[in-house]
K.L.:
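Below you will find the structure I want to go over with you.
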Protein chains: 2
Amino acid sequence: MDTPSPKTRTRIQKQKRELILEAALEVFSQHGFRGSTIDQIAEAAGMSKPNLLYYFRNKEDIHHTLIQRLLDTWLAPLRELDAVGDPLTELRGYIRRKLEMARDFPRESRLFANEILQGAPRAMPMLEDELKTLVDEKAEVILGWMKAGRIARTDPRHLIFSIWATTQHYADFDVQVRAVLGPGRDGEGRFEDAARFLEQLFMDGLKPKG
Amino acid sequence: MDTPSPKTRTRIQKQKRELILEAALEVFSQHGFRGSTIDQIAEAAGMSKPNLLYYFRNKEDIHHTLIQRLLDTWLAPLRELDAVGDPLTELRGYIRRKLEMARDFPRESRLFANEILQGAPRAMPMLEDELKTLVDEKAEVILGWMKAGRIARTDPRHLIFSIWATTQHYADFDVQVRAVLGPGRDGEGRFEDAARFLEQLFMDGLKPKG
DNA sequence: GCATTTTTTGACCGAATGGACAAACGTTAG
DNA sequence: CTAACGTTTGTCCATTCGGTCAAAAAATGC
């Protein structure tokens, strides 16, 4: 039989697909698309390669499904940015949520980073649709705050970039961060240091207090 | 004959090795280590695979040579950070130099990003030696400025991370940046926007002016 | 219990890939 | 011219990898 279409999927099929996606996330995020093999994913999922290929048409299908699923999770923190709330509180909250995601979902972060680094061969349409739309919308919100004089006037889109960059850095460049900071103060301690630093950076910058 | 050792290398050998490294930078930065083939590199260098393997022992040898060479270039902007200069001017200068590197050497940036993302399997020793040493030294300089009350008190190492993250983002996540910003205002214009934004962020943060 | 459908597996295939090698080619010094 | 050395290439090989297939095994419906 062919790979079951979404409509006809039984509970067992859904479970197995989840199992495979979880294994694939582990493998893809560590080795990238080209560096990962179906065998590796199958082994991580505790099944044979042909069995895995019974649930997904091919390697690309797995990757595509993963990326598509994760985009929603990934953009959730930005979606929560509320035009009605207090601007500085909203932005602080956004930064913290993004940093929490880098801490709690580093594999997802690396999966995306890998995909973008390679020129987003498989994710480009999503970037141009969902991502761009959301950023446009939220940039407008931020611009409104700026025009109202409630936060400093600057480029809203570059502000969003800088929040992405600084927070995801702790997931994507984890080994470098660890190499530089050394063994002490890992995990939760590092997270709190980063959170404190980023809050200060985005709120007040580096100029000394008058 | 064996691959010539560094001592016995003729000018022609040096030239060919440079040619290969340039081609390898192009290929590795686009597809990562595992995603690149010796044939691709050989073709980009305008020679046959066996000929390329006459100048480098194997694929790993090329990659390792590349990374080792590039680390110096990559760290140069931080090396220039001068303890004697004016703190805010020095940091502004560092940010601008890093941003210029992201603009002028995006392939180098992506090569490193790829390596770190995969857990730095080939670069780890360099991170723990040269990189850590330099960061430790410069963190001490920055800490001195903070203690003297010349810039705001915060974590110097996380400050360095945030400068790396925000500047390299424009090289590593270029396609995403482009997808979000759309076609208008590319190249030099984008660079100036980013430079202006980052200067403001790092100097003053987001709080509105009194 | 039996027939039908779904799931799993072992064996297999073709293409791609990293690398080896010996033979051919080019260059240069005597 | 020729011997020696450096360079280049065609050919070949073993392995890996993505993917197929038919048949076995397990589950499901009657």
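Hydrogens, waters and symmetry mates play no part in the numbers below; they use all other heavy atoms, side chains included. Just so it is clear: chains get the letters A, B, ... in the order the sequence lines come, proteins before strands, and each one is counted from 1.
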K.L.:
When you measure from the side-chain N and O atoms of B:K16 to the phosphate of D:dG6, is any distance below 4.0 Å, counting only OP1 and OP2?
P.N.:
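So the side chain of B:K16 is outside the cut-off, no N or O lying under 4.0 Å from OP1 or OP2 of D:dG6.
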K.L.:
Examine B:H158 together with A:Y170 and report whether their ring centres are nearer than 6.0 Å.
P.N.:
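Here the rings of A:Y170 and B:H158 have centres that are less than 6.0 Å from each other.
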K.L.:
Is there a side-chain contact between A:E108 and A:T73, using heavy atoms and a 4.5 Å cut-off?
P.N.:
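Contact flag for A:E108/A:T73 side chains = no.
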K.L.:
Return no unless some side-chain N or O of A:Q13 is found under 4.0 Å from OP1 or OP2 of C:dT6.
P.N.:
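A:Q13 to C:dT6 OP1/OP2: no side-chain N or O under 4.0 Å.
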K.L.:
Output all residues satisfying side-chain contact (heavy atoms from CB on, under 4.5 Å) with B:Q118, sequence neighbours left out; order by chain, then residue number.
P.N.:
A:H31, A:N114, B:N114, B:P121
K.L.:
Side chains of B:Q200 and A:D155: closer than 4.5 Å at any heavy-atom pair?
P.N.:
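The answer is no; the side chains never approach within 4.5 Å.
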K.L.:
Quick check: closest heavy atoms across B:A139 and B:I160, and the distance to 0.1 Å?
P.N.:
N-CD1, 4.4 Å
K.L.:
Whole-Å distance between D:dG6 P and B:R17 CZ?
P.N.:
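Rounded to the whole Å, the gap is 16 Å.
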K.L.:
Could you list the residues that satisfy side-chain contact (heavy atoms from CB on, under 4.5 Å) with B:R185, not counting sequence neighbours?
P.N.:
B:D193, B:R196
K.L.:
I need a per-nucleotide contact map over nucleotides 9-22 of chain C, read 5' to 3'. Cutoff is protein heavy atoms under 4.0 Å; write B for the base, S for backbone only, - otherwise.
P.N.:
BBB-----SBBBB-
K.L.:
For the pair made of CZ in A:F56 and C1' in D:dT20, what is the distance, rounded to whole Å?
P.N.:
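It is 19 Å, rounded to the nearest whole Å.
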K.L.:
For A:I41 and D:dG19, what is the distance between atoms CD1 and C1' respectively, to the nearest whole Å?
P.N.:
14 Å
